[in-house]
Amino acid sequence: MSGGATESGRAPFAVPPGERGATRIADRVVAKIASQAAREAVGGLPEGAARPYADVVVRPQAGDGTPVDAARVRVHLELDYPCDIGSRCRAVRRHVVERVGALVGMEVPEVAVHVERLHPARGQGAAGRTR
């Protein structure tokens, strides 16, 4: 045998996969990813709007013993108006779930979108009324 391997073919001090531990990703990292995903989904921000931000709570899911975390996300954003608010919120939810899942490998069973402010489109300032 060469290269320090034992007869079983493993390195002499290799730890079996089930005993290695796990990587814990901080809630604030998931929140930053969710915020970025919300910005991507919204597209251009209305003039004077704050950037979307997210609050996240990550908890281990109960189940078959496999350590899989689930992130519950609350996204706060501002939108231009008039727009289809429902479809914009659905797009944000879908994109947050996809990006967090792809980048962090977490399940996202819940994304609550809070529209905190609507900004009238240009040309519909205080003088013009929007119904």
Side-chain angles (χ1 to χ4, degrees):
M1 292 270 137
S2 63
T6 62
E7 289 180 17
S8 66
R10 294 189 327 192
F13 298 107
V15 178
E19 297 176 17
R20 289 184 193 156
T23 301
R24 171 98 166 95
I25 299 173
D27 293 8
R28 68 175 186 232
V29 173
V30 179
K32 286 183 180 186
I33 293 169
S35 297
Q36 178 62 36
R39 283 192 290 277
E40 292 168 2
V42 168
L45 295 175
E47 187 175 322
R51 296 176 75 171
Y53 67 94
D55 300 321
V56 173
V57 176
V58 177
R59 298 279 185 254
Q61 282 190 319
D64 62 359
T66 307
V68 176
D69 289 339
R72 300 220 182 309
V73 179
R74 185 176 16 201
V75 176
H76 305 266
L77 53 87
E78 299 179 9
L79 296 174
D80 51 354
Y81 188 81
C83 71
D84 185 351
I85 297 169
S87 69
R88 301 278 302 269
C89 291
R90 275 190 300 280
V92 168
R93 278 190 207 99
R94 185 174 39 254
H95 198 63
V96 167
V97 168
E98 289 172 1
R99 296 298 287 163
V100 170
L103 294 174
V104 184
M106 281 186 191
E107 294 181 20
V108 185
E110 177 183 328
V111 177
V113 178
H114 296 267
V115 178
E116 297 195 346
R117 187 172 177 195
L118 295 173
H119 294 267
R122 293 182 188 186
Q124 293 186 346
R129 289 184 57 156
T130 304
R131 290 187 182 203

### Message
Quick check: is Leu77 connected to Tyr81 through a chain of hydrophobic side chains (ILVMFWY, heavy atoms under 4.5 Å apart)?
### Response
yes

### Query
What closest approach, in Å, do Ala38 and Pro52 show between heavy atoms, and which atom pair accounts for it?
CB-CB, 3.9 Å

### Hphob cluster co-occupancy, Tyr53 + Ile33, side-chain heavy atoms under 4.5 angstrom
no

### Query
Do Val115 and Val75 share a hydrophobic cluster (ILVMFWY, side-chain heavy atoms under 4.5 Å, transitive)?
yes

### Task
Using modelled atom types only, decide if a donor and an acceptor are shared between the side chain of Arg93 and the backbone of Val111 within a distance under 3.5 Å.
yes

### Query
For the residue pair Val30 and Ala71, what are the closest heavy atoms and their distance?
CG1-CB, 4.1 Å

#### Entry: Within one Ile-Leu-Val-Met-Phe-Trp-Tyr cluster: Val57 and Val108, side-chain cutoff 4.5 Å
no

### Summary
Note: Ala54 and Ser35 closest approach over all heavy atoms is N-OG, 3.0 Å

### Query
What distance do Gln36 atom CD and Glu40 atom CD have between them, rounded to the nearest 0.5 Å?
4.5 Å

#### Entry: Rounded distance (nearest 0.5 Å) linking atom CZ of Arg99 with atom CZ of Arg94
14.5 Å

### Message
Let me check something: do Val104 and Val58 share a hydrophobic cluster, defined by ILVMFWY side-chain heavy atoms less than 4.5 Å apart, either directly or through other members?
### Response
yes

### Task
Quick one: closest heavy-atom pair of Val113 and Cys89, and the distance?
CG1-SG, 3.7 Å

### Message
Looking at every heavy atom in both Glu47 and His119, which two are closest together, and how far apart are they?
### Response
O-ND1, 3.7 Å

### Summary
For His95 and Ala37, the nearest pair of non-hydrogen atoms, with its separation, is CD2-O, 3.0 Å

#### Entry: Residue among Leu45, Ile85, Asp84, Val92 satisfying side chain to side chain contact (heavy atoms under 4.5 Å, CB included) with Leu79
Ile85

### Query
Within the side chain of Glu78, is there an N or O that forms a donor-acceptor pair under 3.5 Å with the backbone of Ala50?
yes

### Task
Can you establish whether the number of heavy atoms outside Arg39 located under 6.0 Å from its atom CZ is more than 12?
yes

